[in-house]
Number of protein chains: 2
Amino acid sequence: MTRKDFPSLRLSDIAAAAGVGESTVSRVLRNSGSVSEETRARVRQVVAALGYVPNRIAGTLAAAGSRVVGIVVPSLTNIVFPDLLRGAAGQLDLMGYQAVIGVSDYDGAREAELVASMLAWRPAAVMITGLEHERATPDRLRSSGARVVEMLDVDGEGLDIVVGYSNRAAAEASARHLIGRGYRRIGYVGHEISRDTRAGKRLAGFEAELARHGLALVARELHAGPSSIGAGRDGLERLLARAPALDAVYFSNDDMAIGGYFHCVARGIAIPERLALFGFNGLDVARLAPQPLATILTPRVEIGREAARLALADEPAATVDLGFILIEGATA
Amino acid sequence: MTRKDFPSLRLSDIAAAAGVGESTVSRVLRNSGSVSEETRARVRQVVAALGYVPNRIAGTLAAAGSRVVGIVVPSLTNIVFPDLLRGAAGQLDLMGYQAVIGVSDYDGAREAELVASMLAWRPAAVMITGLEHERATPDRLRSSGARVVEMLDVDGEGLDIVVGYSNRAAAEASARHLIGRGYRRIGYVGHEISRDTRAGKRLAGFEAELARHGLALVARELHAGPSSIGAGRDGLERLLARAPALDAVYFSNDDMAIGGYFHCVARGIAIPERLALFGFNGLDVARLAPQPLATILTPRVEIGREAARLALADEPAATVDLGFILIEGATA
DNA sequence: ATGGGTGTTGGCAGCGCTGCCAATGCGTGC
DNA sequence: GCACGCATTGGCAGCGCTGCCAACACCCAT
């Protein structure tokens, strides 16, 4: 079968077949204006019989306002972002909008490009993650007329709507928890904090809280790449080789922490007696491990949902902090 | 700041500012046709100075062919689908296309709706998962003129392009592996196989292979909901309560299997001596566990990438089997 | 009978771009 | 000197729909 010149049906075909005007068909399809029950039924029947699918490209152009929302996430490898997407897509769907996605690989330039190409679709809103963006991005967004939602971080200035939690506060809470349990020789295993700015903020918050208690990180191990279970596993191994006397380790997130946990189990390192572990995100895998990981549960799906809702609501700019929950677990 | 009537720039504004015709600006923006280097530079400069973003809605309507591809996945909870999306989105991006996504929650009716609403955007292609769809879906797709790619399963008839692996063959290989290792009292822990038809095919293939060796499943436990680590953990617990003498368990996928593994570790059940475990998908978490899970590695990212490539290539319908790799691991 | 609602319907401009065609200027070959 | 080809450019119809306005039929109150 060839792929060209498809004789696609148009509104006027339906109008002709139903013996009504185009406007009437349009009204029926959009459930707007008043149309008699009889006419409505007839048009519906013709639409179904011919299998007509309205062309939303044309509709959008004419109506000057698209039912599309662009979403740019830094990664799809960490389940955090699919969770966010899930919340957003579900809510958008409910409101009759469609999600267009882009993956930036934690690259600001890539994000800028993706935002630009999404704006070409004149989306009703653009949803991005974090508050730090390349120079051009805010300007482009502002002059587009689209609502903008920044997700997952409330530590800083937003462009329009911000929905997330405080990475700083979460890290501080983590530090206080470890200190409260008596841990003093604390290390850190993380990934590229220059690209993942939220992880960077957590590290900064964690260190600041340690400092307030007269402590400092004993050692740190940074993986040059995105977070992963493997990176956490290897990272902890290297960290312990350099600083064997640690009594606790703070990880940049749960992926890393689960890797660390696996390393300890494999090596027979007693948790939490010999070494305590603390993560971030509250992933299923962390919460259901034989020893539930001490971590911070973030309301990712809710953030996506609320972000989508606010993006399409006609409300003023605002910052919404959805908070987090510290899960004590059994590893710290 | 109000959100209405944004004085968006149009092609004609750029043309006027640059002192050229609209066609020339259009040619510059699309790198098509011949334009003198001098004019090209001038137009580019004006576009940059004014921050003009072409309206792709209008462009698409005029050119009758959109640079959009619709992707419908059943879930985002299982990392398998984000992986698929990642492969697809990356490749689409490379080819200058945009991905519009929908999540069907393993519901055929929902899938049908999502497909319909995507077709309203006149996508160049639609990518969906599996070969089983609601009655209306294939008809709609066929009459849309869009290329169709069905992913993750090659066991059956496809509509157009099919990219995946054989769930049946993978399950048979799993069964042979367990049998070859001497396991005979085999159980199954799975999730709703009526909705996740690929998991259903694996179960059928597994049982068929057992039968060929004169064996049958000793017991099975089905969770009434999507797969998850928690479901696998609880499922194995219930299964063992009913059938304590099992020597191996086949899981519907790695999420379930990891849950089972966690259950065994928590309960001190020796793996694989007392009980062998076998999963499906080859997730990171399974491969990096203290005892790597015996599982089947599926090329999900590659499937997404290849599916996107073929969807936009001008080639005839075809089925591409990207195979799978059996990972022996340490749990079976 | 008249005027003015009310519900229903059709006509048509125009959304911002692209594709096609015509117009122009200029160099070449005979 | 003339016809022709080529590179470059501009004009404009039209993609399929929506929004606006006018038209019409009917009903009710006056």
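These numbers come from the heavy atoms of this one structure, side chains and all, not from hydrogens, waters or symmetry mates. Chain identifiers are assigned alphabetically (A, B, ...) following the order of the sequence lines, protein sequences preceding nucleic acid strands; residue numbering begins at 1 within each chain.
- For R300(B), the side chain to side chain donor-acceptor pair (under 3.5 Å) criterion is met by D83(B), T298(B), not counting sequence neighbours.
- Shown here are the side chain to side chain contact (heavy atoms under 4.5 Å, CB included) partners of P226(B), two or more places apart in sequence or in another chain: E192(B).
- The ring pair (Phe, Tyr, Trp, His ring centres under 6.0 Å) test applied to F81(A) returns no partner, not counting sequence neighbours.
- For the side chain to side chain contact (heavy atoms under 4.5 Å, CB included) test, residues two or more places apart in sequence or in another chain that qualify with R56(A) are Q98(A), S117(B), A120(B), W121(B).
- For the helix from dA1(C)-dT30(D) to dC30(C)-dG1(D), the terminal axes (five pairs an end, C1' atoms, rotation from four pairs onto the next four) enclose an angle of 50°, given to 10 degrees.
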Write down the protein N/O and nucleotide N/O pairs, taken from nucleotides 13-17 of chain D, whose separation is under 3.5 Å; answer none if there are no such pairs.
unit_1, atom_1, unit_2, atom_2, d
dC15(D), O2, A62(B), N, 3.3
dG16(D), OP2, R10(A), NH1, 3.4
dG16(D), N2, A58(A), O, 3.3
dC17(D), OP1, Y52(A), OH, 2.2
dC17(D), OP1, N55(A), N, 3.3
dC17(D), OP2, L11(A), N, 2.3

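- Evaluation of the side chain to side chain contact (heavy atoms under 4.5 Å, CB included) rule for T39(A) yields V20(A), T24(A), V35(A), S36(A), R42(A), V43(A) as partners, not counting sequence neighbours.
- Shown here are the salt bridge (Lys or Arg N to Asp or Glu O under 4.0 Å) partners of R309(A), two or more places apart in sequence or in another chain: E306(A).
- E113(A) meets the side chain to side chain donor-acceptor pair (under 3.5 Å) test with R110(A); sequence neighbours excluded.
- For Y52(B), there are no side chain to side chain donor-acceptor pair (under 3.5 Å) partners, not counting sequence neighbours.
- L94(B) is linked by a side chain to side chain contact (heavy atoms under 4.5 Å, CB included) to Q91(B), counting only residues two or more places apart in sequence or in another chain.
- Listed in residue order, the members of residues 32-44 of chain A having a heavy atom less than 4.0 Å from DNA chain D come to none.
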